[in-house]
Q: 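After the structure tokens below, expect a handful of questions from me.
Just so it is clear: chains get the letters A, B, ... in the order the sequence lines come, proteins before strands, and each one is counted from 1.
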Protein chains: 2
Amino acid sequence: MVDRHPNLRAQRRAETQRAIQAHAVRLFTERGYDATTVADVAEAAGVAPMTVYRHFPTKEDLVLVDQNGPLLAERLRAAPADQPLVRRIGGALVDATAVLTGGGDPGAAAADGRFLLDRLRLMIATPALRARHLDNQYALQEAVIGALGDDAADPETAFRARAAAGACLAVLHTALVRWAEDDGRADLPALVADALAAAFGDAAAPLDRSARRQGPRRFTG
Amino acid sequence: MVDRHPNLRAQRRAETQRAIQAHAVRLFTERGYDATTVADVAEAAGVAPMTVYRHFPTKEDLVLVDQNGPLLAERLRAAPADQPLVRRIGGALVDATAVLTGGGDPGAAAADGRFLLDRLRLMIATPALRARHLDNQYALQEAVIGALGDDAADPETAFRARAAAGACLAVLHTALVRWAEDDGRADLPALVADALAAAFGDAAAPLDRSARRQGPRRFTG
DNA sequence: ACCTAAATGGTAGTCGCTATCACGATGGTA
DNA sequence: TACCATCGTGATAGCGACTACCATTTAGGT
């Protein structure tokens, strides 16, 4: 339903949106986020300042990512329900990051990976963006609760699920930061698995799943 | 060194600061955070809008709390270093929340507790405040790393410490939300301990420490 | 009594963001 | 082919958070 009209109009709209975000990330990286105004971004993209707000609700959304909710929910529903909470959620996180970093073809992954890394670095270094990102992850926590499929009516069950989900997502964030510091060279799913093991112990880290099995897989496709 | 001059001048400054924040929290709770302007707060407090910014760097800081860093660091240094990371950090969190909720005399705790609860509710319900609070907690993570006293030079050790600290602080946040939903009637240290147990398993939760021992202690003083 | 410094108020300006109206181009339709 | 609705964009005006700069009053120390 997104491509209801793969017309010339929709193509141009998508292209301007891509251009605006690309110039925004470039300018933010070059001059800094706070030192770059929305008017600067608009001028660089060749549009009016208002057009920026038609495509992105706020200046922060020019950088933020966080469209991984559905992917994570799918992996959560696929996980066996008889394991501990942190193991179910942690395994889904490892799987989801594996899809994200190894999903596309190597060429597209290289270009998109650079773009994603630039945005990730901005999100980590800029206080306003970091705060928004952490809040988005906090919202993702509720999506995790819903995807777990456990009894959400019982407040005690929901409380325990929230605690486990929040802890797992914080661990994910730690792994993301380290991945960005390493310029995306490290294997993100392995980093997530290591961070999960550091927080919850090796018993809860799904090392037997898809964490370690793709060390050199990235360039074999 | 804060009270270098317990003069009339410092007293008036502290009083205006307190009045500004009190009126701000009241107005935010009554009309909503976004619907209340800084000019409204200033007028209610009987000062000029600029005076508000002289006492609080941003509008968000009129609500945010987060001065628990030193307390938590002290408890962390007091924890035995031979236990697992999440146990050391979790125990310090339980102890710190016990001091916070049961620290003062009952009378002051009742008044301050209401004020603290109002701010906590605003922080949870308002997106901008929630984001800033989560970022403050993320900054607290680094303070935890430093207070642990482990070898921060080794990036692998620091990575594991960051993962554990982030997970523990996310669990703390979950407990804080539940405490606020319960209007502060529940025992916060016990909630933190329960949340820690839900995330890390009972082995990592310091139930043998000061969590359970103060169930009805609140109203026996 | 004098002088320094702190606390506050005023003014003007920038920037993020919104509401509103207008215009041109695109897409389906008679 | 001609028509019209809709979409994407642009321009203006305005609000609110926040800052820089300067003026004024007043408490504190000498």
Q: Between A/Phe56 (CZ) and C/dC17 (P), how many Å, whole number?
A: 13 Å
Q: Is any side-chain N or O of A/Thr51 closer than 4.0 Å to OP1 or OP2 of D/dG8?
A: no
Q: State which residue, out of B/Gln21, B/Arg54, B/His55, fulfils the side chain to side chain contact (heavy atoms under 4.5 Å, CB included) condition with B/Thr16.
A: B/His55
Q: Between C/dC17, D/dG28, C/dA25, which nucleotide has the shortest distance from any of its atoms to the side chain of A/Thr58?
A: C/dC17
Q: Nearest-nucleotide wise, let me know which of B/Met50 and A/Val47 is further upstream toward the 5' end of DNA chain D.
A: A/Val47
Q: Of the nucleotides C/dC17, D/dG28, D/dC22, which one has an atom closest to the side chain of A/Lys59?
A: C/dC17
Q: Between B/Glu15 and B/Arg18 (salt bridge meaning N to carboxylate O under 4.0 Å), is one present in this structure?
A: yes
Q: Evaluate the side-chain contact (heavy atoms from CB on, under 4.5 Å) criterion for residues B/Val47 and B/Val41: first the C-alpha distance (whole Å), next the side-chain angles of each, then the deciding distance (0.1 Å), finally the verdict.
A: CA-CA 9 Å; B/Val47 297; B/Val41 173; over 6 Å; no
Q: Can you measure A/Asp61 atom CG to C/dG16 atom P for me and round it to whole angstrom units?
A: 14 Å
Q: For B/Arg54 and D/dT25, give me the distance from atom CZ to atom P, rounded to whole Å.
A: 16 Å
Q: When you measure from the side chain of A/Arg9, which nucleotide among D/dG10, D/dC18, C/dA25 comes out closest?
A: C/dA25
Q: Mapping B/Ala48 and A/Pro57 to their closest nucleotides on DNA chain C, which lands nearer the 5' end?
A: B/Ala48
Q: Atom CZ of B/Arg31 and atom P of D/dG16: how far apart are they, to the nearest Å?
A: 12 Å
Q: With a cut-off of less than 4.0 Å, is there a side-chain N or O of A/Arg12 near OP1 or OP2 of C/dT26?
A: yes
Q: Please report the distance, rounded to the nearest Å, between OH in A/Tyr53 and P in C/dT20.
A: 18 Å
Q: Looking at A/Asp150 and A/Arg88, is any side-chain nitrogen of the basic one under 4.0 Å from a carboxylate oxygen of the acidic one?
A: yes
Q: Taking 4.0 Å as the cut-off, does a side-chain nitrogen or oxygen of A/Arg13 come that near to OP1 or OP2 on D/dG8?
A: yes
Q: Please state how far atom CG in B/Leu62 lies from atom P in D/dA17, giving the value in whole angstrom units.
A: 10 Å
Q: Find the distance A/Gln11:CD to D/dG8:C1' and express it as a whole number of Å.
A: 15 Å
Q: Would you tell me if any nitrogen or oxygen in the side chain of A/His55 comes within less than 4.0 Å of OP1 or OP2 on D/dG8?
A: no
Q: Report the residue (B/Gly46 or A/Glu60) whose heavy-atom-nearest nucleotide on DNA chain C is the more 5′ of the two.
A: B/Gly46
Q: With a 4.0 Å limit, can you tell me whether B/Thr37 has a side-chain N or O closer than that to the phosphate oxygens OP1/OP2 of D/dC15?
A: no
Q: A/Gln17 has an atom CD; how far is it from atom P of D/dC7, in whole Å?
A: 16 Å
Q: Under a 4.0 Å N-O cut-off, is there an ion pair linking A/Arg121 with A/Asp183?
A: yes
